[in-house]
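First up is the structure itself, then whatever we jot down about it.
What's counted below: heavy atoms across the whole structure, side chains too, no hydrogens, waters or symmetry copies. Just so we're on the same page: letters track the sequence lines, and every chain starts at 1.
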Number of protein chains: 2
Amino acid sequence: MALNRDQIITAAIRHLNADPTASMAEIADGIGVSRATLHRHFSSREALFADMGRRALDVWARAHRVAGVEEAIADGSAERLEAALRRYVSELITQSEEFGFALTDSLIAVLPELQAYSRELEDRDEALAAAAQRAGVLRPDVPPRWVGNAVYGLLISVRDSLRNGDIAARDAERLLLETVLHGLAAPAKERP
Amino acid sequence: MALNRDQIITAAIRHLNADPTASMAEIADGIGVSRATLHRHFSSREALFADMGRRALDVWARAHRVAGVEEAIADGSAERLEAALRRYVSELITQSEEFGFALTDSLIAVLPELQAYSRELEDRDEALAAAAQRAGVLRPDVPPRWVGNAVYGLLISVRDSLRNGDIAARDAERLLLETVLHGLAAPAKERP
DNA sequence: CCCGTATGCGACAATTATGTCTCATCCGGG
DNA sequence: CCCGGATGAGACATAATTGTCGCATACGGG
């Protein structure tokens with residue numbers, strides 16, 4: 001057997017990142033399996049997309065776990081929180097090819113199961129941001145949800161920048177972290 | 001006559017922002033015109049999308065003009081460049097509902113005419129960023145293209161944040177500008 | 001008031017995508 | 001070597017979408 005179910009999902013995400021409107025036939029062709037096989041693994045297009053969404057959210061959840069987000073929140077120290085924040089962003093960038101699907105597709109908002117899953121992760125993001133604000137790691141004068149959304153948007157920036165060759169892959173993590181933490185203004189100047 | 005061509009484009013953009021996969025029938029229905037009328041104004045779906053893309057890029061170009069980007073680059077002073085930068089971002093946020101279409105849809109990358117238009121605007125963005133770096137307004141240790149892409153991604157953050165009610169509309173501009181210029185780290189701490 | 005224009009409505013053919021099915025083939029384990 | 005399960009190829013019916021057309025009608029200016 002050439003590809004198992006997981007490999008098909010991975011390849012499908014990769015292919016749909018390049019062409020978000022691809023049909024089942026195009027997806028199958030791009031992956032290198034027949035359309036019939038695709039339908040044997042996923043009863044419908046919706047089922048395939050649901051599994052891809054689940055995969056993307058799993059990647060997101062794994063980033064939380066790997067970075068020790070929960071523990072850092074419980075700990076509450078600035079050092080732990082900042083380390084978790086950096087590790088978390090780094091993990092998201094590394095896995096952005098699979099996670100990126102969640103960035104673009106509105107399908108997640110439709111399926112109730114994924115919606116709950118997504119909400120849970122967003123809440124944890126918010127908790128992390130709020131804890132980091134309390135610990136003095138992040139500035140307190142922005143809504144905690146904005147932090148997660150800003151990272152989310154900058155991940156799209158990274159994806160597009162890499163796609164266009166505007167930045168080097170090895171610089172992606174530094175650029176995202178520097179931008180979200182310190183911004184792009186020249187350091188010497190101002191700050192009222 | 002209920003709606004002219006321009007109004008239809010505006011309404012179509014608005015509707016497709018909410019449901020990017022809407023069919024011609026759904027678009028027409030959402031706008032409040034018949035499918036036939038839609039086809040009378042736009043010979044094909046592709047023609048409609050091309051016009052929407054053009055509109056989005058026009059908004060972008062207008063933001064450049066209103067902010068005096070070209071003049072600020074020619075002037076080269078830090079004050080003019082920073083003012084143009086702020087005004088430019090502000091304008092993009094204000095018009096984000098119509099410009100937002102360009103943020104998401106990959107159609108622009110396909111049509112040669114829009115591609116050239118888009119490239120031109122991107123180049124001007126890059127020139128602005130580079131000039132701001134030379135003038136000491138923006139930090140010089142990031143690729144100039146990254147600046148534009150970061151703003152682009154944060155505009156998506158703003159759109160999503162507003163959609164979810166995570167931030168207030170009147171805070172959008174401040175949050176985007178603050179984030180892109182100074183970042184989200186607490187000001188007092190670190191900076192090696 | 002009248003007429004031209006634009007619109008809505010419905011029908012239509014053509015195309016495309018989807019999901020199911022059958023059958024031949026291939027491939028690996030026993 | 002043989003067999004069972006998985007795959008590829010293709011046919012098929014169904015549904016959705018697209019683009020076109022004809023016709024009736026509503027609207028608005030002259």
Side-chain angles (χ1 to χ4, degrees), chain A residues 1-56 101-102 104-115, chain B residues 1-56 101-102 104-115:
Chain A
M1 57 203 82
L3 299 172
N4 63 27
R5 185 186 181 93
D6 272 359
Q7 292 172 315
I8 288 180
I9 295 179
T10 302
I13 290 179
R14 214 167 293 256
H15 191 263
L16 280 167
N17 278 337
D19 179 9
T21 67
S23 68
M24 290 293 270
E26 289 169 328
I27 296 170
D29 199 62
I31 293 176
V33 301
S34 78
R35 202 167 64 91
T37 298
L38 199 54
H39 272 292
R40 282 188 192 101
H41 283 288
F42 307 95
S43 60
S44 72
R45 179 186 176 85
E46 191 180 348
L48 169 63
F49 274 66
D51 271 28
M52 291 194 298
R54 204 183 330 274
R55 165 73 66 86
F101 181 72
T104 309
D105 210 280
S106 53
L107 187 102
I108 288 178
V110 180
L111 303 172
E113 178 193 349
L114 294 186
Q115 204 175 344
Chain B
M1 60 205 80
L3 299 172
N4 63 27
R5 187 189 180 90
D6 271 0
Q7 293 172 314
I8 289 180
I9 295 179
T10 303
I13 289 179
R14 215 167 294 257
H15 191 263
L16 281 167
N17 278 337
D19 178 10
T21 65
S23 69
M24 290 293 269
E26 288 169 328
I27 295 170
D29 200 63
I31 293 175
V33 300
S34 78
R35 201 167 65 90
T37 298
L38 198 55
H39 272 292
R40 282 187 192 101
H41 283 287
F42 308 94
S43 60
S44 72
R45 181 186 176 83
E46 190 179 351
L48 170 62
F49 274 68
D51 271 27
M52 292 194 298
R54 205 182 331 274
R55 165 74 67 85
F101 181 73
T104 309
D105 210 278
S106 54
L107 187 102
I108 289 177
V110 180
L111 302 172
E113 178 193 349
L114 294 186
Q115 203 175 345

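When the side-chain nitrogen and oxygen atoms of T37(A) are compared with OP1 and OP2 of dG8(D), one or more of them lie within a distance under 4.0 Å. Contact check, H41(B) against dT7(C): a side-chain N or O comes under 4.0 Å of OP1 or OP2.
Distance, F49(B) CZ to dT18(D) C1': 13 Å, rounded to whole Å. Nucleotide dT18(C) holds its P atom 7 Å from the CE atom of M24(A), rounded to whole Å. Taking atom CG of residue L38(A) and atom P of nucleotide dA6(D), one finds them 16 Å apart after rounding to whole Å. With rounding to whole Å, H39(B) atom NE2 is found 18 Å from dA6(C) atom P. Between the C1' atom of dT20(D) and the CZ atom of F42(B) lies a distance of 18 Å, rounded to the nearest Å. Atom C1' of nucleotide dT7(C) and atom CG of N4(B) are separated by 14 Å, given to the nearest angstrom. We find that CZ of R45(A) is positioned 14 Å from C1' of dT17(D), with the value rounded to whole Å. In this structure, I27(A) atom CD1 and dG19(C) atom P are separated by 11 Å, rounded to whole Å.
If you find the closest nucleotide of DNA chain D to R35(A) and to R40(A), the one lying nearer the 5' end belongs to R40(A). When the nearest nucleotides of DNA chain C are assigned to E26(A) and S43(A) by heavy-atom distance, the more 5′-ward of the two goes with E26(A).
Using a 4.5 Å heavy-atom cutoff, the side chains of H41(B) and L48(B) are not in contact. Side-chain atoms of F42(A) and I9(A), non-hydrogen and from C-beta on, do get closer than 4.5 Å to each other.
Out of dG8(C), dG19(D), dT17(D), the shortest distance to the side chain of S23(B) is found at dT17(D). In this structure, of dG19(C), dG8(C), dG8(D), it is dG8(D) that holds the atom nearest to the side chain of A36(A).
Atom CD of E46(B) is surrounded by 12 or fewer heavy atoms from other residues, nucleotides or ligands within 6.0 Å. Counting non-hydrogen atoms of neighbouring residues, nucleotides and ligands closer than 6.0 angstrom, the CD atom of Q115(A) exceeds 12 such neighbours.
Taking CD1 of I8(B) as the reference point, atom CG of L38(B) lies at 6.0 Å (rounded to 0.5 Å).
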